[in-house]
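Data block below; observations after.
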Number of protein chains: 2
Amino acid sequence: MSEAVSRPTLEAVAARAGVSRATVSRVVNGGDGVREPLVERVRQAVEELGYVPNQAARSLVTKRHDAVAVVIAEPETRIFTDPFFALQLRGISKELTAHDNQLVLLLTEGRDDHTRVARYLAGGHVDGALVFSLHLDDPLPGLIEGAGVPTVFGGRPGWSDGSNSAVYVDCDNRGGAQDAVRHLVGLGRRRIAHITGPLDQTSAADRLQGYRDVMGEPDPRLVVLSDFTVGGGERAMGELLDRCPDVDAVFAANDLTALGALRVLRERGRRVPEDVAVIGFDDVLPVTEQSAPSLTTVRQDIEEMGRLMARLLLRALTRGKPATGAPSSLILPTTLVRRASA
Amino acid sequence: MSEAVSRPTLEAVAARAGVSRATVSRVVNGGDGVREPLVERVRQAVEELGYVPNQAARSLVTKRHDAVAVVIAEPETRIFTDPFFALQLRGISKELTAHDNQLVLLLTEGRDDHTRVARYLAGGHVDGALVFSLHLDDPLPGLIEGAGVPTVFGGRPGWSDGSNSAVYVDCDNRGGAQDAVRHLVGLGRRRIAHITGPLDQTSAADRLQGYRDVMGEPDPRLVVLSDFTVGGGERAMGELLDRCPDVDAVFAANDLTALGALRVLRERGRRVPEDVAVIGFDDVLPVTEQSAPSLTTVRQDIEEMGRLMARLLLRALTRGKPATGAPSSLILPTTLVRRASA
DNA sequence: CGGGGTGATGGGAGCGCTCACGCATGTAGG
DNA sequence: CCTACATGCGTGAGCGCTCCCATCACCCCG
C-alpha cells in the first residue's frame, strides 16, 4: 500500500530539534558531552520522526558492522538429526542480541561453498566469525584464518593441539569420557565396550582417548567404530554382541548412538542395565528421556557453549588490539547424569 | 599478525586499470556497455588487487542490502526437537546464496523480542523477511506487516483465510490429512482416531479439519488433543486406549506424535498394524525410519518449502512495484508414503 | 565530405553518517 | 578584570560506491 516513505535522516532530526547533525549523532550514540536539555529535545525528535540510524552509512565510516557470521559446515545431515547445533545457535543468538549484534548464518555444503564463505568473510561484511569445524581435514578453518577475520571455533579444530593460537570453545570430551567409563568400572563391569563417533572429529577422538585412559589396553574387539547416528549405533551394537557376547557395559560416543545400542540390546533380549549397562554423551533431552530405559549420559551445556563462543568473540572485537592477553580457548566441564541405563 | 591492510577501493582498481571509477563499477556489476578489452583490463586489476566491493558503501546509495531476515519465533523448544526448521533453513539458505543474498537469523523468545525484531525490520537493514508464525495469537506477524517490509510467511498465518494479502508457503495440510484418513478407511478400519497438534497452529487445525472432512461426524472421543511432541503422543495414546479400547487406527498430527503412539501401543500389547494402524505426518526421515514398525506418513517436502519461500520473496524484491500480479501464496501437495505401520 | 546519430567512457554529485576540528561559551586563577 | 583552560556545540570533510549526465569518438548516410 504505502510507498516506503524515505526514512528520516540525522539531518531531519537535527532540524526538528534545532541542533546540528553532530549533536544528534552524539545523543544517538550514547549522549556523552551533550547537556541534558538538548539530549531531551533530540530524544523527542527521534521519537517523533521514528528515526532509525542507517547502518550502511554508519558502517561506511566506522568500518564496524555489528554483525557476526556463524559458519556451519554441514558434511552430512547431522545438523538435522542432532539438536546440537540448534541449541548452540540459540545460545549464540541470545548473546549477540544482548550486544546488538546481528547473526549472519552461513550454511555450507561442498567445496565450492568453502571459497564462497572465505570470500564473504574476507569481504569484510562482518566483524567476526563463529565457525563450527567438524572434521580434521576440513580446509575451511584454514581459509578463514587466511581471511584475517577474528574467529572463534566451536569444538577444538583438528589442527589445534592447544598450543597454537586458534580460539575455541569445547567441552571436556576426554574428561567426560573418563568419568563415564570410571562409573562403569565402579559398577563392577569388566567388559566395557566403546562405540566411537567418526574419528575425524576431535570430539569423537577425544572421547575415545578418555575411554582408553581408563581402560589401559582394552581388548581391541571392544572398540567399534561408528558415526554418531542411531542407525550407526544399531549396527555397531549388533557387531559388538557378535564379537563379544560377554560384554557387560557400553560407553557410546553420543546419545543417538546409545539409543541405537539400547534398541538392539532390547531386541536381542539383553536387559539394561542388569545385563549390559549403557552410557551416552551429550544429554540432549528429548533423546535421553524418551529412551527406555532412560539414558545415563555425560551432560555438556551446549547452549552455554554457544553463548561463550559469542562472548569470546565480542570481547576480542571490542578490545582494541592492545590485547589484555588474547582471549584463550575455553573448555567446559561435563557432568555425569545418572538415569536408569547405568 | 598482519594488520588488516585497508582493502583496495574502486578508485585503486580504476587507477591500476587506467580507467575511471565508473567503468570499474560497470564491470564489477556485470560489465554491460563496456568494450571487451577494457573489461579484461579491469578484471585483471580486480584480481591482482583482490578487490571486493564494500557492501556498506553500495547499500548506502542503492538502498538495497542483498540480505533477508529469517525470523523464527520460538514459543517452546520445538525448533530443537523437530528437524522441521533446520530443513527449512537449509532450503532457504540454498536459494538465498544462489542469488547472493545473505541470511540474517533472528531467533525470538518472549514479547520484548518481538518489538526488537519489528524495530530491526523497520530499520531497513534487510530487504525482506521470511517469518515463521506458529501461533494464532502471535502479534509478530502484525508488527511485521506494520514495518512495511516485504514478507513471506512459512505456514499459513492464523489470521489469513486465504482472502487477504499475506503471502505464505505451506503444504496442503488438509488434503494430506484427508488422504491419510481415506487410506485408513480403505484398509477397512472403522474406529479411526486422531491425535491433534496444538490447535492454535494452523497446520494442526487444518489437519484436524481434513480428518473431519473424511470422517463426517466422528465419535468425539476419537479426537484427542496433543502437542506435536513424542511425550504428548504417548499421553494421548494412553488416554485414547482407555476411552476407546476398540480403536483400530490412529492418524497422528505429526511423526513425533505418532512415534509416541507407537511406543504406547507396543507397551500395551497392541500389534501395529494388525490391531491398530498408525499414520503420521511430515516424513522427517530419521524419525520415521527408526520407528518400529516403520511409519506410514504424509510427506511434505520441507526443504523445498524453504526454497520456495525464499524464491517468492526474492521475486517480490526484484520486481519493481508495477507488479505482474503480486506473487501469491503457494500450497504444496503432500504424498502418502506407505511403510509398515498402515 | 560534413552533420547527426549511437554507444562507450569519464566527471561530479551525493547517499547518511562519524569524526577531527574550530569556535563559542563558562569557570577559575592570577 | 583579563588570560587560560575545559567543555559544549557546530562545521566541513570524506568514507566507497552508484548513477546521471556531459563528453567524445566513431560510423553511417545524405
Side-chain angles (χ1 to χ4, degrees), chain A residues 4-43 45-46 49-67 100 122-127 318 320, chain B residues 4-43 45-46 49-67 100 122-127 318 320:
Chain A
V5 184
S6 69
R7 293 162 46 208
T9 72
L10 250 203
E11 195 87 43
V13 177
R16 179 162 196 117
V19 298
S20 74
R21 271 189 342 261
T23 299
V24 178
S25 175
R26 281 187 271 258
V27 171
V28 169
N29 294 292
D32 301 326
V34 181
R35 261 191 282 251
E36 197 44 49
L38 270 198
V39 171
E40 205 40 56
R41 280 224 314 271
V42 172
R43 288 252 162 80
V46 165
L49 271 57
Y51 169 77
V52 183
N54 180 321
Q55 186 60 42
R58 183 180 274 175
S59 298
L60 185 55
V61 29
T62 61
K63 276 127 174 49
R64 266 195 132 263
H65 301 83
D66 295 318
D100 283 315
H125 301 271
V126 291
D127 301 326
T318 53
Chain B
V5 184
S6 69
R7 294 162 46 208
T9 73
L10 252 204
E11 194 87 44
V13 177
R16 180 163 196 115
V19 297
S20 73
R21 268 190 341 262
T23 299
V24 178
S25 176
R26 280 188 272 261
V27 171
V28 169
N29 294 292
D32 301 326
V34 180
R35 261 193 281 252
E36 196 45 49
L38 270 198
V39 171
E40 204 40 56
R41 277 222 319 267
V42 171
R43 288 253 162 79
V46 165
L49 272 56
Y51 169 77
V52 184
N54 180 321
Q55 186 60 41
R58 183 179 276 175
S59 298
L60 185 55
V61 30
T62 60
K63 274 128 174 47
R64 266 194 131 266
H65 299 84
D66 295 318
D100 283 316
H125 301 272
V126 293
D127 300 326
T318 53

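Labels below follow one simple rule: chain letters A, B, ... track the order of the sequence lines, proteins then strands, and each chain is numbered from 1. What's counted below: heavy atoms across the whole structure, side chains too, no hydrogens, waters or symmetry copies. In this text the structure is predicted, and so the values were computed from the model without any measurement.
- Distance alone, capped at 3.5 Å, is enough to place a donor-acceptor pair between the Thr62(A) side chain and the Arg58(A) backbone.
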Heavy-atom protein contacts under 4.0 Å, nucleotides 13-20 of chain C, coded B base, S sugar-phosphate only, - none: B-BBBBB-
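- For the side-chain contact (heavy atoms from CB on, under 4.5 Å) with Thr23(B), the qualifying choice from Val34(B), Val28(B), Val39(B) is Val34(B), the only one to do so.
- At least one donor-acceptor pair closer than 3.5 Å links the side chain of Ser59(B) to the backbone N or O of Arg64(B).
- In this structure, the side chain of Arg7(B) does not engage the main chain of Tyr51(B) through any donor-acceptor pair within 3.5 Å.
- Contact check, Thr23(A) against dG10(D): a side-chain N or O comes under 4.0 Å of OP1 or OP2.
- Between Arg64(B) atom CZ and dC19(D) atom C1' there is a gap of 16 Å when expressed in whole angstrom units.
- Taking atom CZ of residue Arg41(B) and atom C1' of nucleotide dT9(C), one finds them 12 Å apart after rounding to whole Å.
- In this structure, Asp127(B) contributes its side chain and Asp66(B) its backbone to a donor-acceptor pair below 3.5 Å.
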List every contact pair, protein side and nucleotides 4-8 of chain D side both N or O, where the distance is under 3.5 Å.
unit_1: dG8(D); atom_1: O3'; unit_2: Arg35(A); atom_2: NH2; d: 3.4

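- Minimum heavy-atom separation, Ala45(B) to Ala17(B): CB-CB, 3.9 Å.
- Rounding to the nearest 0.5 angstrom, the gap separating the NE2 atom in His65(A) from the CD atom in Gln55(B) is 9.0 Å.
- To the nearest 0.5 angstrom, Arg43(A) atom CZ is 7.5 Å from Glu36(A) atom CD.
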